[in-house]
Amino acid sequence: MDNKLHDEPSVVTAEHGQVLVDGPDGVAVSLTPDAAAETSDRLLHAAAEAQGQILTEELAEREKAARRAS
């Protein structure tokens with residue numbers, strides 16, 4: 001499994017009643033509209049969760065730095 005963190009979004013198109021996703025490193029997925037919609041919801045939820053984790057970590061680092069400076 002490729003564990004590289006990618007910072008470019010995938011290309012998403014609709015063709016012939018399918019949703020096509022072209023991702024990094026040659027990843028290609030064809031989804032039904034229902035599967036694409038559910039995947040979209042899951043991606044949005046996970047993205048918000050990951051952003052919250054980043055903010056929490058940044059806040060903890062700032063608080064730690066402030067305690068060291070005191």
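Keep in mind the model is a prediction, meaning the values are calculated, not measured.
Think of V27 as one node in a network of Ile, Leu, Val, Met, Phe, Trp and Tyr side chains linked at under 4.5 Å; its network also takes in V12, V19, V21, V29, L31.
Contact between H6 and K4 at its shortest, heavy atoms only, is CD2-O, 3.3 Å.
Taking CG from L20 and OG from S10, the interatomic distance works out to 12.0 Å, rounded to the nearest 0.5 Å. Atom CG of L59 is separated from atom CD1 of I54 by 13.5 Å, given to the nearest 0.5 angstrom.
Sequence neighbours left out, the pairs with a member in residues 42-51 that pass salt bridge (charged side-chain N to carboxylate O under 4.0 Å, His left out) are E38-R42. Residue pairs meeting the salt bridge (charged side-chain N to carboxylate O under 4.0 Å, His left out) criterion with at least one partner in residues 53-63, sequence neighbours excluded, are E61-K64.
Side chain of S40 to main chain of A36: no donor-acceptor pair is present (N/O by atom type, distance under 3.5 Å, no hydrogens or angles).
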